[in-house]
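The structure appears below as structure tokens.
Side-chain atoms are counted along with the backbone in the values below, which use heavy atoms only and exclude waters and symmetry mates. One-based numbering, in listed order, for ligands and for the atoms of each. For clarity, every value in this text was computed on a predicted model and none was experimentally measured. Heads up: numbering here begins at 1 and tracks the sequence.
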Amino acid sequence: MPDNCVTILNSVTRFLDRQHGLYINGQWQASQAEQRLAVYNPADGQQISSTADANAADVALAVSSAHQAFTAGVWAQRLPAERERILLRYADLLEQHCEELAQLETLEQGKSINISRAFEVGCTLNWMRYTAGLTTKITGQTLDVSIPMPPGARYQVYTRKEPIGVVAGIVPWNFPLLIGMRKVMPALAAGCSIVIKPSETTPLTLLRMAELASEAGVPPGVFNVVTGRGAVCGKALTEHPLIAKVSFTGSTPVGKGIARAAADRLTRVTLELGGKNPAIVLQDADLQQVIEGLMAGSFLNQGQVCAASSRIYIEAPIYDRLVAGFEQAVKSLSVGPGMDGSTQINPLVSLAHRNKVAAYLDDARNKRAELISGSAGPDAQGFYIPPTLVINPDDSLNLAREEVFGPVVNLIRVADAEEALRKANDTDYGLTASLWTTSLQAAMAYTPRIQAGTVWVNTHTLIDANMPFGGFKQSGSGRDFGPDWLDAYTESKSVCIRY
Ligand code: NAD
């Protein structure tokens, strides 16, 4: 590790050195598959740990354990206040181990230790406490009805929200702890059992969280973790007949495959998928605010954020000034390992993903696009890509329409707001967007015309536990977060009583 890097805790070193198994029925179990999956540090390409490569038999065991726990009612039938207390204790345990979890995340994922502390751990804590609170607020309705027979009979209807059953959670690699816990917590708050599969690239933090769940008092079988490849372990999990609901966050192609398989058994599915998110900058915007907001919106976590701004449409009168401002900002970014908290751009998650992003930039160079890049990063074996602006890209470039998921952002000159809106909406995606203006009239007029699940004004990438989030079009289906979040983890039952 270079000199400026934080000192790795002994507990982190011990965790990395473990022979990780699968967390099933409240204990570690060896996988039935012999092969193991290596975990790498993106900052230097070195292997730091390994995890089990679970097969279908392992997954069946985990689902069966979750199903038994669910049908036995060991969690679902606890008083809501008891579940809430345990989930709050679970959040306290994460807080006690916050530095350990933050370091593990930076070591396996590559992001800055500051982002791991603030987002992976800090935001996860907020989400955990918010969701724990929902446990005691699950409500139905009482309904007066007008059933006419037999004459004179009276009826009262009420609805109950009941836990849906065993949930399969499938997690991507960009925010492994945060996104993972955004599946675990609503499932547990609703009274479900869950089997969760982290990305094969970043499996470590959810394995640690499984142990902490047991320590908090979550009964055996209620929270299980299987690690393995998507095409084997993920497929076996999402297609298992005892799975009542799949909560998937990941790429659009994989999400579509999961939805197709789920259609066979009408398994409930929530899909949080990819994005190619526009930002529209009107000429009356505060340019300093735009540069600060969209630098963060585009380069947070090296642009490996589903909600990241990746196409910035700028009205012509301010275009040159803004491009100059972005150029200065990009060239001033320091690039280095995530464990060095003074760096702002860190390696991408894996060699394969680095090569994918590099291929987009090669395609752009081959087609003579104008690129402005910042520092290329340290001369190490890490998976670095320099932060890059693409100036007025032609539509023939692969990066013009596809999700790059890296530190690359397109700056596009438009004549006016109408052209910006047309181009912003001309995409299969519809996850997020932002509008930058000091005019209240413009904000109120244009936000309804932007096709995205979340539209920000004068900010980008702000996501809150109490703010529903999800995609229009091919960015997903269903909404996470907010007061109605648990609806997706419950079934509504109408009870009709004659009296
Ligand atoms: P991915 O789709 O390749 O993998 C996501 C998860 O699915 C991994 O755990 C993987 O092992 C698993 N998987 C792969 N094939 C599977 C299969 N056939 N059956 C079941 N599971 C399978 O995505 P990724 O590369 O890990 O993550 C990046 C993508 O995630 C980007 O497209 C990004 O936009 C998206 N994302 C979306 C959101 C959101 O909230 N909308 C949030 C974060 C990331």
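- Note: an N/O pair closer than 3.5 Å links S251 and ligand 1 by distance alone.
- The shortest N or O to N or O distance between W173 and ligand 1 is under 3.5 Å.
- Between S112 and N346, the side chains place no donor N or O within less than 3.5 Å of an acceptor N or O (distance only, hydrogens not considered).
- Ion pairing between D362 and R365 holds under the 4.0 Å rule for side-chain N and carboxylate O.
- Between atom 35 (C) of ligand 1 and the options G228, G250, P172, the minimum heavy-atom separation is to G250.
- Residue L273 has at least one nitrogen or oxygen atom sitting less than 3.5 Å from a nitrogen or oxygen atom of ligand 1, judged on distance alone.
- Taking distance alone, with nitrogen or oxygen atoms compared against 3.5 Å, E403 approaches ligand 1 more closely than that limit.
- Residue contacts with ligand 1, taken as heavy atom pairs separated by less than 4.0 Å, involve L431 solely via side-chain atoms from C-beta onward.
- One finds no salt bridge joining R265 and E239 here, because no Lys/Arg side-chain nitrogen approaches an Asp/Glu carboxylate oxygen to under 4.0 Å.
- Applying the ring-ring contact (aromatic ring centres under 6.0 Å, His included) test to every pair with at least one member in residues 15-37, sequence neighbours left out, gives these pairs: F15-H20, Y23-W28.
- Here's the thing with E200: one of its N/O atoms is less than 3.5 angstrom from an N/O atom of ligand 1.
- The heavy atom nearest to atom 22 (C) of ligand 1, out of those in G230, C233, A236, A168, is found in G230.
- Polar contact check, K197 against ligand 1: a nitrogen or oxygen pair lies under 3.5 Å apart.
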